[in-house]
Amino acid sequence: MAKYDFKKIEKKWQKEWEKQDIGKAVDFSKKKKWYSLIEFPYPSGQGLHIGHIRSLTAMDIVSRKRRMEGYNVLYPIGWDAFGLPTENYAIKTGVDPRVATKKNTENFRKQLKGLGFSFDWSREVNTTDPKYYKWTQWLFLQFFKKGLAYKAEIDINWCPNDKVGLANEEVIAGKCERCGAEVEKRKKAQWMLKITAYADKLLKGLEKVDYLDEIKAQQVNWIGRSEGAELEFRISNSEFRIKVFTTRPDTLFGATYMVLAPEHELVEKLKDKISNFNEVEAYVKTARKETEEERTAEDREKTGVELKGVKAVNPATGEEIPVWIADYVLAEYGTGAIMAVPAHDARDFSFAKKFNLPIIHVVSGGTPGELWEGKGNLVNSRKFDGMDSERAKAEITKFVGGKKTVNYHLRDWVFSRQRYWGEPIPIIHCEKCGYVPVPEKDLPVVLPPVKNYKPRDDGESPLASVVSFVNVKCPKCKGVAKRETDTMPNWAGSSWYFLRYADPKNAKEFASMKKLKYWMPIDWYNGGMEHVTLHLLYSRFWNIFLHDQGLVPTSEPYRKRTAQGMILGERGVKMSKSRGNAVNPDTIVRAYGADVARVYEMFMGPFDRAIAWDAKGIEGVKRFLRRTWDTAHEKEIGKTKNEKLERLLAATVKKVGEDIEKMAFHTAISSMMIFMNAASDEVIIPAGVWSDFLKILAPFAPHLADELWYLLKNKKSVHFESWPSYDPSLLKEEVVEVVAQVNGKRRGSIIVPPNAEEGAVKEAAMKLETVSAALGSAKIKKVVYVKGRIINLVI
RNA sequence: GCUCGGGUGGCGGAAUGGUAUACGCGCAACACUUAAAAUGUUGUGAUCGAAAGGUCAUGUGGGUUCGAUUCCCACCCCGAGCACCA
């Protein structure tokens with residue numbers, strides 16, 4: 001018997017599949033369509049990560065099963081190739097990112113092909129290809145034309161040492177990742193996308209999609225919808241008013257002071273009235289310098305300064321209350337100002353304690369003088385006394401002429417990067433005409449070559465140094481104008497790549513409506529947990545927006561979204577180069593083969609849970625596949641009747657089919673192992689049983705399954721076969737073991753037909769010595785009989 | 001603090017109201033071998049027992065039930081995400 005030579009087999013079938021184009025997705029096929037998606041990888045210099053295999057294998061299994069079920073399947077692949085690591089590599093070595101990207105994608109392609117994934121390679125996309133990013137730019141302009149892309153002064157992370165604007169992920173604990181210098185905030189005009197305009201749609205859309213609960217929860221959390229009221233407070237002896245947002249208008253009578261964010265515009269406007277303005281100014285300055293890290297640190301002592309000389313009037317009581325500034329109030333949220341109700345808000349409470357501000361209890365519950373954030377009936381609230389707090393919210397809002405409003409934690413999306421390796425933002429700035437979009441015929445705005453990839457000392461992108469790129473004619477007035485030199489964040493290309501897969505070669509549109517109508521929405525999207533907030537939210541935002549413009553057929557892009565757990569290093573810590581515990585996929589594939597690598601990664605544990613790599617565990621899977629090979633060669637596969645095996649096969653087909661849909665791949669594999677263990681005990685295996693087993697094994701271990709399939713003298717690949725069905729009557733056993741219990745405790749068991757009647761079973765059970773011993777002379781009070789399971793005698 | 005997961009043998013884990021510990025790893029004994037590896041067979045939660053069998057075990061404490069890993073209540077611990085969001 002030939003040895004299981006996975007190297008030879010895997011190479012052979014990979015070549016054969018390429019020839020037969022088994023991953024080919026056919027546009028407009030009459031078959032039902034199925035679209036499986038994985039997050040397209042970032043082609044890093046390190047090559048494929050062991051974790052990629054887990055996600056890609058899972059969707060490969062689903063895709064292969066769907067093909068066998070008769071679907072026309074789209075399972076595409078591409079490269080999310082813009083981004084920092086390649087750019088940093090260019091800065092360090094001077095290697096053109098285009099060159100590095102080409103090399104890296106070639107390596108990734110080779111690695112992925114070596115794992116036998118059934119991608120439609122003809123639809124490969126690459127976000128750094130001008131033919132691709134032409135449309136990323138075009139899509140940005142659609143946002144611009146609808147007023148959803150705008151420029152605003154916002155804070156960026158600035159490294160004073162490297163003189164460079166940093167991406168959030170480059171700021172580690174408030175310090176520059178590269179040089180360790182303390183990161184500062186700096187104002188810079190940035191392009192923004194108005195995702196907040198879609199907050200409600202992003203929230204509502206979640207109701208009709210099938211995402212893992214924790215994924216939905218994270219999205220909901222991130223959007224952070226909060227219902228409340230906007231109330232106005234008059235400032236004494238002044239025409240100014242302070243607007244506040246509150247979720248607790250019912251506590252208005254307990255508002256004993258107000259707080260403005262240090263950045264609040266009124267601070268400057270009230271300058272003349274503020275007697276301690278020097279102190280105030282100093283506080284604002286420190287607050288501005290503080291890093292996000294410091295400002296939001298846990299258990300931080302509250303700080304603040306009173307605006308002396310300024311009083312606000314509580315609209316409910318008519319009483320004057322002091323106004324403070326403090327950094328616990330955020331300028332970007334709500335109105336940037338709050339009414340402080342120390343008795344019923346933890347933050348206001350600790351602030352009031354520190355600065356000796358009055359605490360007035362206005363909702364019953366808790367102890368007066370102490371914090372109470374729960375509901376109750378109003379007290380100390382004049383005519384509202386006794387009213388329950390829920391109703392009082394509306395009544396008091398009405399009473400003081402406020403209005404109901406909704407606020408979101410979601411912020412607009414900062415869409416500018418002062419970086420080289422990204423899509424140039426296709427905008428021209430003209431003194432006369434303002435921001436003018438680059439005309440469609442001039443797209444793409446191609447990223448020009450540069451000598452130095454490092455952002456400039458003034459914080460501008462290296463593109464700002466390319467004179468021929470910057471200086472252009474205004475498309476509108478033909479006067480002198482300057483090109484935008486900011487590039488897009490790496491989220492841009494990944495916000496719509498799934499649309500391009502439907503029509504990847506289209507030179508006239510980002511994708512044709514006809515093809516989008518055929519393929520969208522994505523039926524199943526799997527990826528990492530680390531992308532379920534931002535990437536998922538951003539791409540949903542783009543899709544919903546494009547749907548509103550009539551450019552894509554569905555509002556939500558993903559019908560179903562799941563996430564795999566991370567693969568950790570051997571002792572359960574994160575895999576990393578620095579820890580030296582990273583497992584190299586190439587080594588694994590070379591030593592064990594692609595099929596073992598695939599099956600092992602699916603067998604390790606529950607798919608959605610993080611799990612530690614186990615060098616020993618992979619041996620078990622190796623044995624399983626080798627045993628399958630041995631069985632195929634040693635046993636006679638032929639004409640025979642074997643009811644036991646037929647029953648087991650039926651149960652296995654059912655289990656594997658159901659488990660794939662639940663992503664319970666590990667139990668699917670364990671049930672195939674059980675079948676194999678039984679099959680290897682037989683001398684002759686019925687050919688039909690063996691064929692069906694190979695079919696259900698095929699999505700998991702596609703190479704081995706095909707090899708053994710051809711061994712049976714089949715002419716076409718197992719991957720063109722239909723997913724097997726099973727005879728449900730085979731699942732019914734002819735005899736069953738019924739456990740005999742006395743008072744719920746197992747005392748023995750009896751073998752009976754599945755439909756045996758209670759009387760007969762009871763009689764048989766009582767004949768058991770162990771049962772009669774347990775019963776003794778006691779009287780049976782009750783009998784609980786569950787057919788095929790248990791009989792419980794209660795005494 | 002809030003939200004979402006999770007806690008079961010030496011280890012990864014299975015079982016979603018009905019035989020707890022499937023499957024795999026590890027370990028032990030045996031067979032094959034000059035030997036080792038590989039392979040195969042058998043065993044493997046703890047504890048008492050020569051055995052038959054008993055008792056105890058699914059984070060902790062309570063509850064519902066004939067019966068709870070599974071359902072309910074309270075608590076403890078671990079992981080992930082968010083977080084001075086008014």
Base, sugar-phosphate or nothing for [X]? Non-hydrogen atoms, less than 4.0 Å.
X: A:S749; answer: nothing
X: A:V739; answer: base
X: A:K302; answer: base
X: A:R789; answer: sugar-phosphate
X: A:I611; answer: sugar-phosphate

Nearest-Å distance, [atom1] ([X]) to [atom2] ([N])?
X: A:R747; N: B:C66; atom1: CZ; atom2: C1'; value: 14 Å
X: A:F624; N: B:G12; atom1: CZ; atom2: P; value: 23 Å
X: A:M604; N: B:G13; atom1: CE; atom2: C1'; value: 12 Å
X: A:D659; N: B:U16; atom1: CG; atom2: P; value: 11 Å
X: A:E769; N: B:A52; atom1: CD; atom2: C1'; value: 10 Å
X: A:Y785; N: B:G67; atom1: OH; atom2: C1'; value: 17 Å
X: A:L537; N: B:C82; atom1: CG; atom2: C1'; value: 14 Å
X: A:R248; N: B:A86; atom1: CZ; atom2: P; value: 12 Å

[atom1]-based separation of [M] from [N] [nearest Å]:
N: B:G45; M: B:G62; atom1: C1'; result: 26 Å
N: B:G7; M: B:G13; atom1: P; result: 9 Å
N: B:G1; M: B:C75; atom1: P; result: 12 Å
N: B:A50; M: B:A38; atom1: C1'; result: 38 Å
N: B:U3; M: B:U19; atom1: P; result: 35 Å
N: B:U58; M: B:A20; atom1: C1'; result: 8 Å
N: B:A51; M: B:U39; atom1: P; result: 33 Å
N: B:G63; M: B:A68; atom1: P; result: 12 Å

Among [options], find the nucleotide with the atom closest to the side chain of [X].
X: A:D213; options: B:G18, B:G5, B:A86; answer: B:G5
X: A:D681; options: B:A14, B:U41, B:C66; answer: B:U41
X: A:P606; options: B:A14, B:C66, B:G81; answer: B:A14
X: A:R609; options: B:G40, B:A14, B:A86; answer: B:A14
X: A:E214; options: B:C84, B:G18, B:C4; answer: B:C4
X: A:Q218; options: B:C82, B:C56, B:G81; answer: B:G81
X: A:V329; options: B:G67, B:C82, B:A86; answer: B:A86
X: A:A217; options: B:U19, B:C4, B:G67; answer: B:C4

Are there more than 12 heavy atoms of other residues, nucleotides or ligands under 6.0 Å from atom [atom1] of [X]?
X: A:K194; atom1: NZ; answer: no
X: A:K354; atom1: NZ; answer: yes
X: A:K654; atom1: NZ; answer: no

Legend entry - Those residues that, when tested against A:H264, pass side chain to side chain donor-acceptor pair (under 3.5 Å) (two or more places apart): none
Paired nucleotide for [N] [Watson-Crick or G-U wobble; both distances under 3.5 Å]:
N: B:A52; result: none
N: B:U34; result: none
N: B:C4; result: B:G79
N: B:A28; result: B:U42
N: B:C84; result: none
N: B:A14; result: none
N: B:U19; result: none
N: B:U70; result: none

Legend entry - Sugar-phosphate or base contact per nucleotide [nucleotides 22-28 of chain B; S, B, -; heavy atom under 4.0 Å]: BBSSS--
Inset, instruction - Report yes or no: is the cationic atom of A:K302 (NZ for Lys, CZ for Arg) closer than 6.0 Å to the six-membered ring centre of A:Y328, at no more than 45° off its axis? - result: yes
Legend entry - Syn-anti status, with the boundary at 90° from 0, for the nucleotide B:G9: syn
Inset, instruction - Check A:K393 against A:P249 and note the closest heavy-atom contact, atom names and distance. - result: O-CG, 3.6 Å
Legend entry - Counterpart residues, ring pair (Phe, Tyr, Trp, His ring centres under 6.0 Å), relative to A:Y600 (two or more places apart): A:W613
Inset, instruction - Would you kindly say whether A:Y211 and A:T562 are connected by a side-chain donor-acceptor distance under 3.5 Å? - result: no
Inset, instruction - Indicate whether the side chain of A:E737 and that of A:S749 have a donor and an acceptor atom separated by less than 3.5 Å. - result: yes
Inset, instruction - Could you point out which residue of A:Q564, A:M566, A:E214 forms a side chain to side chain contact (heavy atoms under 4.5 Å, CB included) with A:M529? - result: A:E214
Inset, instruction - For B:C84, take OP1 and OP2 only and decide whether either is under 4.0 Å from a side-chain N or O of A:S350. - result: no
Inset, instruction - Report yes if a side-chain nitrogen or oxygen of A:Y328 is closer than 4.0 Å to either non-bridging phosphate oxygen (OP1 or OP2) of B:A86; otherwise report no. - result: no
Legend entry - Earlier contact from the 5' end, RNA chain B, for A:Y408 and A:G744: A:G744
Inset, instruction - Specify the residue among A:T247 and A:I790 whose closest nucleotide of RNA chain B lies further upstream toward the 5′ end. - result: A:I790
Inset, instruction - Establish whether the base of B:C82 is bridged to the side chain of A:N221 by a donor-acceptor pair shorter than 3.5 Å. - result: no
Inset, instruction - Give a yes or no on whether the backbone of A:V363 and the side-chain of A:H361 come within a donor-acceptor separation of less than 3.5 Å. - result: yes
